[in-house]
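Below: one structure, written as structure tokens.
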Amino acid sequence: MARLKFGAFLAPHHPIGEHPMLQFRRDLDLVSQLDELGYDEFWCGEHHSSGWETIASPEMFLAAAGERTKRIRLGTGVISLPYHHPYNVAQRMVQLDHMTGGRAIFGSGPGALASDAHTLGIDPMTQRDRQDEAIGVIRRLFNGERVTAKSDWFTMNDAALQILPLQEEMPFVVASQISPSGMTLAGKYGIGIISLGSMSTQGLMALPQQWEFAEDAAKTHGTTVSRANWRVLLSWHIAETREQARREAGPGLMRWHNEYTVGTLMRPGLKPFASPDEAVDKTAFVEGAASTIGTPDDLIKTIKNLMQVSGGVGHIIGFVHDWANPENTRRSWDMVARYVVPEINGYIDGLRRSQAFVIENRAIFERAGQAVMAKIMDNDKAAAALSQTGPGRVAIPAVNAPDLQQAAAKQRG
């Protein structure tokens with residue numbers, strides 16, 4: 001089975017109060033850490049309002065991240081296509097691809113914040129259709145075509161890119177939340193998906209139902225979609241114990257939910273949490289939760305359940321948040337890399353098999369100790385010293401050593 005890839009998604013969601021310049025630098029430090037820990041992807045978004053979401057240009061942020069990293073792939077999560085002329089988007093993505101050495105992933109969406117669309121004078125009813133239209137044009141430009149097109153929101157006259165992407169085929173990924181439009185676009189163009197919605201087991205946001213939207217669209221348009229290119233977003237905070245994870249994440253989770261999700265965005269049906277414990281319980285310990293607050297074993301269980309419920313995905317993307325302080329947040333990402341990723345992908349299975357083989361076949365290896373004892377008994381001084389041998393300790397276990405105390409007892413007897 002192909003290994004599961006892991007990444008991080010930075011919206012960002014930062015509480016108001018910290019110096020924005022230092023937030024940007026702290027976010028870049030996180031990308032560097034994730035690169036060193038072996039994460040596969042890093043995503044950041046585009047927002048222009050709300051106070052909490054501060055990256056206006058994911059391309060600029062990722063270009064800076066590219067200079068600090070070596071191997072991690074860098075995705076726009078997402079560029080809101082109705083906000084931009086498609087030609088300019090194509091140009092910026094090509095430049096990002098070259099500046100990062102071919103590590104760019106083109107993620108797009110219709111625009112998540114209604115306040116952003118309002119600022120730009122865009123009718124929300126047009127956003128998803130405009131995303132579709134822009135993707136079609138950008139794909140043609142990436143293929144080296146010269147495009148003439150006139151729309152109700154952009155015009156191109158003999159437009160062609162001077163430079164094509166460095167990658168032979170830059171990955172296209174569309175965001176999917178509640179409506180079927182994201183999954184339908186993925187099916188229409190045969191491209192990747194990043195699911196940002198919940199893991200509910202029924203209704204519009206159920207992962208099997210979402211995947212069905214993509215497959216139906218692919219059949220209609222004569223394309224194919226692959227689960228290997230399906231990314232699903234999860235939230236987590238991991239510590240050595242559940243109690244520690246709860247203590248570290250609870251207050252920040254409560255603030256994020258109460259001040260931003262409820263107080264600023266005013267998500268329908270949501271109410272403020274009364275305490276940090278309630279915040280943790282109702283976020284991570286309810287049926288179908290897409291959040292894990294606990295130990296590496298808890299997150300492993302969540303991921304295995306997601307794979308079973310969804311039928312299989314190719315990438316697990318962790319949501320970057322400020323529930324815990326920066327030090328504990330970095331520690332959480334470190335623990336996921338060290339303990340969750342290898343368990344999910346079987347990187348330590350061979351080590352366990354090797355250990356079990358040595359334990360279960362001890363009799364085979366006792367001959368090595370017999371060989372050591374034979375050399376001791378062949379040497380008169382060594383044999384004489386054997387009777388005085390006690391329970392010594394050495395820094396490195398002598399794996400081939402016989403039981404010297406038992407042999408000494410026989411000598412003395």
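Values reported hereafter were calculated over all heavy atoms of this structure, with side chains retained and with hydrogens, waters and symmetry mates removed. This one's a predicted model, so the numbers in the text were calculated from it and none came from an experiment.
Pairing each heavy atom of I303 with each of L234, the nearest pair is CG1-CD1, 4.1 Å. For the residue pair G312 and W230, the shortest heavy atom distance occurs at O-CE3, 3.6 Å. Minimum heavy-atom separation, Y83 to A117: OH-N, 3.7 Å. Among all heavy-atom pairs drawn from F106 and M170, the shortest one is CB-SD, 3.7 Å. Across every non-hydrogen atom of A324 and T329, the tightest pair is O-OG1, 3.3 Å. The minimum heavy-atom distance between L141 and A90, with the atom names listed, is CD1-CB, 3.9 Å.
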Steps toward side chain to side chain contact (heavy atoms under 4.5 Å, CB included) verdict (L62, C44):
CA-CA 8 Å; L62 295 175; C44 74; 3.8 Å; yes

Between E240 and T295, does a side chain to side chain donor-acceptor pair (under 3.5 Å) hold up when you go through it step by step?
CA-CA 6 Å; E240 283 78 0; T295 67; over 6 Å; no

Under the criterion salt bridge (charged side-chain N to carboxylate O under 4.0 Å, His left out), I'd like the reasoning laid out for E343 against R352: C-alpha separation, chi angles, the key distance, then a yes or no.
CA-CA 11 Å; E343 189 68 40; R352 291 195 177 109; 3.0 Å; yes

Just do the side chain to side chain donor-acceptor pair (under 3.5 Å) check on E278 and H257 with the steps written out, would you?
CA-CA 11 Å; E278 182 187 8; H257 177 84; over 6 Å; no

Under the salt bridge (charged side-chain N to carboxylate O under 4.0 Å, His left out) rule, what do D334 and R331 come out as? Steps first, then yes or no, please.
CA-CA 5 Å; D334 181 271; R331 173 65 173 159; 3.6 Å; yes

Side chain to side chain donor-acceptor pair (under 3.5 Å) between E259 and W52, intermediate numbers included
CA-CA 10 Å; E259 291 187 17; W52 282 59; 4.8 Å; no

Pair E18, R26 - check salt bridge (charged side-chain N to carboxylate O under 4.0 Å, His left out), show working.
CA-CA 11 Å; E18 183 181 347; R26 178 156 56 89; 2.5 Å; yes

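Using a 4.0 Å cut-off between charged side-chain N and carboxylate O, K282 and D277 make no salt bridge.
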Residues 8-17 side chain polar contacts: donor-acceptor under 3.5 Å, at least two apart:
unit_1, atom_1, unit_2, atom_2, d
H13, ND1, W256, NE1, 2.9
H13, NE2, E53, OE2, 3.3
H14, ND1, D322, OD2, 2.7
H14, NE2, D27, OD1, 3.0
H14, NE2, D27, OD2, 2.9

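For the atom pair I72 CD1 and T100 OG1, the distance stands at 12.0 Å (nearest 0.5 Å). Put simply, CD1 on I191 and OG on S226 are 13.0 Å apart, with the number rounded to the nearest 0.5 Å. From N143, atom CG reaches atom CG of L161 across 10.0 Å, with rounding to the nearest 0.5 Å. Taking CZ of R103 as the reference point, atom CG of L74 lies at 5.0 Å (rounded to 0.5 Å). Taking CG from L28 and CD from E67, the interatomic distance works out to 11.0 Å, rounded to the nearest 0.5 Å. If you take CD on Q33 and OH on Y39, they are separated by 7.5 Å, rounding to the nearest 0.5 Å.
At least one donor-acceptor pair closer than 3.5 Å links the side chain of H19 to the backbone N or O of M21. For T302 (side chain) and D298 (main-chain N/O), a donor-acceptor pair under 3.5 Å exists by modelled atom type. A donor-acceptor distance shorter than 3.5 angstrom exists from the side chain of N345 to the backbone of L4, with no hydrogens or angles considered. Between the side chain of S354 and the backbone N or O of G350, no donor-acceptor pair lies under 3.5 Å. A donor-acceptor pair is defined here as one N or O able to donate and one able to accept, closer than 3.5 Å; such a pair exists between the side chain of T76 and the backbone of G107. Between the side chain of D158 and the backbone N or O of T148 there is no donor-acceptor pair closer than 3.5 Å. The main-chain N or O of I238 is found under 3.5 Å from a side-chain atom of S332 such that the two form a donor-acceptor pair. Here the side chain of N328 pairs no donor or acceptor atom with the backbone of E248 at under 3.5 angstrom. For T126 (side chain) and D123 (main-chain N/O), a donor-acceptor pair under 3.5 Å exists by modelled atom type. At distances below 3.5 Å, not a single donor-acceptor pair connects side-chain atoms of Y260 with backbone N or O atoms of G51.
With sequence neighbours excluded, the residues satisfying ring pair (Phe, Tyr, Trp, His ring centres under 6.0 Å) with F142 are F172. For N157, there are no side-chain hydrogen bond (donor to acceptor under 3.5 Å, both in side chains) partners at least two apart in sequence or on another chain. With sequence neighbours left out, the side-chain hydrogen bond (donor to acceptor under 3.5 Å, both in side chains) criterion links R267 to no other residue. Legend: residues meeting side-chain hydrogen bond (donor to acceptor under 3.5 Å, both in side chains) with Q131, ordered by chain and number and at least two apart, are S108. The side-chain hydrogen bond (donor to acceptor under 3.5 Å, both in side chains) check on T184 picks up nothing, with sequence neighbours excluded. The ring pair (Phe, Tyr, Trp, His ring centres under 6.0 Å) check on H47 picks up nothing, with sequence neighbours excluded. Take H98 and apply the ring pair (Phe, Tyr, Trp, His ring centres under 6.0 Å) test, not counting sequence neighbours, and it matches no residue.
Between W43 and P58 there is no side-chain heavy-atom pair separated by less than 4.5 Å.
Summarising the local packing, CZ of R242 is surrounded by 12 or fewer heavy atoms from other residues, nucleotides or ligands at distances under 6.0 Å. Other residues, nucleotides and ligands contribute over 12 non-hydrogen atoms within 6.0 Å of the CZ atom of R68. In Q95, the CD atom is not crowded: 12 or fewer heavy atoms of neighbouring residues, nucleotides or ligands sit closer than 6.0 Å. Within a 6.0 Å radius of OH in Y339, no more than 12 heavy atoms belonging to other residues, nucleotides or ligands are found.
Here side-chain hydrogen bond (donor to acceptor under 3.5 Å, both in side chains) pairs that include residues 213-223, with residues two or more places apart or in two chains, are W211-E215. Applying the ring-ring contact (aromatic ring centres under 6.0 Å, His included) definition to pairs two or more places apart or across chains, those involving residues 234-255 are W236-W333. Legend: ring-ring contact (aromatic ring centres under 6.0 Å, His included) pairs involving residues 110-135, not counting sequence neighbours: none detected. Judged as a salt bridge (Lys or Arg N to Asp or Glu O under 4.0 Å), the pairs with a partner in residues 69-93 (not counting sequence neighbours) are, in order, D40-R71, E59-R92.
Under the side chain to side chain contact (heavy atoms under 4.5 Å, CB included) rule, V174 has a single partner from V78, L81, D132, I135, which is I135.
Classified by interplanar angle (parallel below 30°, tilted 30° to 60°, perpendicular above 60°), the ring pair H321/F319 is tilted.
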